[in-house]
There are 2 protein chains.
Amino acid sequence: MSSQPPHPPRPKSAEATKQAILAAARKRFLEESYESVGLRDISRDVGVDVALVSRYFGSKEGLFRDVVRGTRKKDILPPDLPAEEIAGYLAKLFLAEGDDANENVERLLIILRSASSPAASQVVSEALRNDVLIPFAQSIGGKSPEVRASTSMAVWMGMTIMRTVMAVKPVCERSPEIEARLRALFETALSETNR
Amino acid sequence: MSSQPPHPPRPKSAEATKQAILAAARKRFLEESYESVGLRDISRDVGVDVALVSRYFGSKEGLFRDVVRGTRKKDILPPDLPAEEIAGYLAKLFLAEGDDANENVERLLIILRSASSPAASQVVSEALRNDVLIPFAQSIGGKSPEVRASTSMAVWMGMTIMRTVMAVKPVCERSPEIEARLRALFETALSETNR
DNA sequence: ATGCAGTGTCAACACCTGTAGACATAGTGT
DNA sequence: ACACTATGTCTACAGGTGTTGACACTGCAT
């Protein structure tokens, strides 16, 4: 889509092409599972030989690890968000256009896509725990935060599957009704009462 | 696990070995994604040559299709279940031991595991829609049943990921608290009010 | 016993995968 | 202009994939 015709001559900077490979790999892993993405696909996207990938990242698993970690920056929630607005914020974030997509949102999709690939499962579940669940649990506070954080992420993942992976039409629209439903789900997931 | 030592002499019945292959394949696809499962793994489990798999099922995709379709029997819900008990039923079903596991539950896990594998995605999303979403939406009734059914399945899938695929500890237990939380989530997903 | 169809095995194919080492080329400092 | 290092390409390997056609065996009917 981006560069089927011969590639523009790339400046010979190791760091630059490494980043280019990383970006191409991220785009691929965002759309397919770990094993269905070939190193040759990625290198072709960048316009570079396959060998470079193994050279710069050691192995396919190493590349995937770097992709998943990404720039390991900010938390999921803005630091000053009051507790009762978390659900609404998550619902809005979930439906935000891909253009200004949060990096954590993409990370979650990558994690989801390769979750059942044995070679990637360790990387993936560690990243989910360390980079998502634990920080998120810390920022929500309250009673049994791990359970509530995990449950919220379950809702997130499940809705992502239905929309992005399976393309189930009824929940694919970006309507106020869907947003309200999402918010309600997150509220339930975050609720501190056991009912 | 079952048959590493030389296999007991299998009676030469085509139908029987075809079913044996199907069963072995189902077990494999239940634990890994489409492309990480090799036909040789399956045939080795059965104690049979690889060639038989392609012979009996045409192709790997054909085998996978047969696995996903399974015995395409019963609906998800018991036919006489009152609407207000659906959520509780789903929660109990979700936590039911693997021993008496519903076949639909396993089908959903297989669907989930191979959802991001391009070669399987068509089979998988068709099966989800035709064998799960549509019948489920029909049996719940009420307003916008497709949305509510899809949302419920999103909760199911998300919790399955957290528990089975990612092994996230806090939600892995089979406690009354988790069951209550699940029931609350399903109630929210099935609710007819937009809040 | 003889033929015959059902059942399974063997060997090989063509292709693809990740990885590694030897080689070519470009860019830079001297 | 030279050499040197960084950067990228080429070739090849060892192993794995799904798939196919020819072959061997078994069991049953004649």
key: Separation of atom OH in B/Tyr34 from atom P in D/dT17, rounded to whole Å   = 13 Å
ask   = Are any of the side-chain nitrogens in A/Arg107 or A/Asp131 under 4.0 Å away from the carboxylate oxygens of its partner?
value = yes
query = Rounded to the Å, how far apart are A/Asp49 CG and D/dT7 P?
reply = 16 Å
message = I want to verify a distance call: between C/dC10, D/dC10, C/dT19, whose nearest atom is closest to the A/Ala51 side chain?
response = D/dC10
remark   = Paired with A/Ile161, the side-chain contact (heavy atoms from CB on, under 4.5 Å) test is passed by just one of B/Leu112, B/Ile111, B/Thr160, namely B/Leu112
task = Measure from CG on B/Leu52 to C1' on D/dG21 and round the result to the nearest Å.
result = 14 Å
task = Output the single nucleotide from C/dT19, D/dG8, D/dT20 whose closest atom is nearest the side chain of A/Lys60.
result = C/dT19
request  = Look at all strands and tell whether A/Phe57 reaches a base, only sugar-phosphate, or nothing, counting heavy atoms closer than 4.0 Å.
outcome  = nothing
task = Let me know the distance between CD1 of A/Ile42 and C1' of C/dC16, rounded to the nearest Å.
result = 15 Å
query = Under a 4.5 Å cut-off applied to non-hydrogen side-chain atoms, are A/Val37 and A/Phe64 in contact?
reply = no
Of the listed nucleotides C/dT7, D/dG21, D/dT19, the one nearest the side chain of B/Tyr56 = C/dT7
query = Quick one: is D/dG8 close enough that its OP1 or OP2 comes under 4.0 Å of any side-chain N or O from A/Thr17?
reply = yes
Single-linkage hydrophobic cluster, 4.5 Å side-chain cutoff, B/Ile134 and A/Val171 together = no
message = Go nucleotide by nucleotide along DNA chain D from the 5' end; which of A/Val50 and B/Glu61 gets its closest nucleotide reached first?
response = A/Val50
key: Interatomic distance where CD belongs to A/Glu15 and C1' belongs to D/dG8 [whole Å]   = 16 Å
ask   = Which of the following nucleotides, C/dT17, D/dT9, D/dG18, is nearest to the side chain of B/Arg40?
value = D/dG18
key: Closest approach of A/Leu30 to A/Arg113 (non-hydrogen atoms, all atoms of both residues)   = O-NH1, 2.9 Å
key: Given C/dT19, D/dT9, D/dT19, the nucleotide with the shortest approach to the side chain of A/Leu39   = C/dT19
key: Most 5' of B/Arg55 and A/Ser36 on DNA chain C, judged by nearest nucleotide   = B/Arg55
